[in-house]
Amino acid sequence: MTPHLAVEITLTRPANHGELREACGGVPLAAKADRTRLMALHRARHPGGALHTLRRRLGTRLPIDVLTTHYPDRHGQVVLNIALSHAADQALRQAATAMGQHPQDVLRQRVNAGVARDQQERARRLKEQLESLLARHTPEEVLACAAGLLHDRQHHRVPIAP
């Protein structure tokens with residue numbers, strides 16, 4: 001039996017209710033509150049097949065930017081399906097030619113650099129937040145609170161609001 005793969009769909013703008021209704025007619029979707037990120041389950045033998053099929057089925061119904069799945073392909077790589085505008089595609093091809101590389105290699109390098117920048121920015125923001133916490137609490141309080149949160153997450157306990 002072919003497995004279901006979860007696919008995350010990032011849109012270029014929030015989908016309106018009519019677009020979501022039309023898209024859901026062809027593919028079961030779950031929308032996040034901001035309607036710019038959707039989740040879909042699709043039956044496929046491998047992640048690339050799921051991404052290509054969903055791009056084909058939904059590409060005319062929704063303003064799709066990126067499709068991704070968190071399942072690695074047969075080479076252990078997480079697959080992204082990115083739609084580039086004509087101008088972006090041309091710029092990528094020109095850059096690749098100037099560098100003597102294939103466009104997909106230049107795109108891979110740029111995506112990896114973007115991910116690395118995002119990770120650095122997230123680490124910087126986390127450090128700022130920790131410094132703010134440590135200005136008001138002892139290191140022991142911060143560690144105890146973090147340990148409690150991690151324990152609750154590991155055991156799927158949802159905190160009750162006061």
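Side chains are part of it too, since the values below use all heavy atoms of this structure and drop only hydrogens, waters and symmetry mates.
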For residues L149 and V142: do they belong to one hydrophobic cluster (side chain heavy atoms under 4.5 Å, members Ile, Leu, Val, Met, Phe, Trp, Tyr)?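 No, L149 and V142 fall in different hydrophobic clusters.
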
Please determine whether residues L107 and M99 belong to a single hydrophobic cluster, defined as Ile, Leu, Val, Met, Phe, Trp and Tyr linked transitively by side-chain heavy-atom distances below 4.5 Å.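 Per the 4.5 Å side-chain linkage, L107 and M99 are co-clustered.
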
Write down the atom of [X], the atom of [Y], and the distance for their closest heavy-atom approach.
{"X": "A50", "Y": "H42", "answer": "CA-CD2, 3.7 Å"}
{"X": "I9", "Y": "A40", "answer": "CD1-CB, 4.1 Å"}
{"X": "R55", "Y": "D65", "answer": "NH2-O, 3.5 Å"}
{"X": "C24", "Y": "L29", "answer": "SG-CB, 3.8 Å"}
{"X": "L62", "Y": "A15", "answer": "CD2-CB, 4.0 Å"}

Salt bridge (Lys or Arg N to Asp or Glu O under 4.0 Å) involving [X] - partner list, sequence neighbours excluded:
{"X": "R57", "result": "none"}
{"X": "R35", "result": "none"}
{"X": "R21", "result": "none"}
{"X": "E22", "result": "none"}

Do [X] and [Y] have side chains that get closer than 4.5 Å, going by heavy atoms?
{"X": "L67", "Y": "L58", "value": "no"}
{"X": "E19", "Y": "N16", "value": "yes"}
{"X": "L20", "Y": "L38", "value": "yes"}
{"X": "V7", "Y": "T68", "value": "no"}

Does the side chain to side chain contact (heavy atoms under 4.5 Å, CB included) test come out yes or no for R61 and V27, once each step is laid out? CA-CA 11 Å; R61 298 176 180 180; V27 176; 5.6 Å; no

Within this structure, what is the CD-CG distance for the pair Q94 and D89, rounded to the nearest 0.5 Å?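 Going from CD on Q94 over to CG on D89, the span is 10.0 Å.
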
When Ile, Leu, Val, Met, Phe, Trp and Tyr are grouped by side-chain heavy atoms lying under 4.5 Å apart, directly or through other members, which residues fall in the same group as L150?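 For L150, no cluster forms, as it stays isolated from other hydrophobic side chains.
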
Going by atom type alone, with no hydrogens or angles, which donor-acceptor pairs under 3.5 Å involve a side-chain atom of residues 126-133 and a protein atom two or more places apart or on another chain?
unit_1: E128; atom_1: OE1; unit_2: R124; atom_2: NH1; d: 3.4
unit_1: E128; atom_1: OE2; unit_2: R124; atom_2: NH1; d: 2.4
unit_1: S132; atom_1: OG; unit_2: R136; atom_2: NH1; d: 2.7

Side chain to side chain contact (heavy atoms under 4.5 Å, CB included) for I64 and L11? Distances and angles first, verdict last. CA-CA 4 Å; I64 296 174; L11 305 177; 4.0 Å; yes

Begin with the C-alpha distance, continue with both residues' side-chain angles, and end with the deciding distance and a verdict on salt bridge (Lys or Arg N to Asp or Glu O under 4.0 Å) for R125 and E121. CA-CA 6 Å; R125 285 193 316 262; E121 177 60 21; 3.5 Å; yes

Greater than 12 external heavy atoms within 6.0 Å of H137's NE2: yes

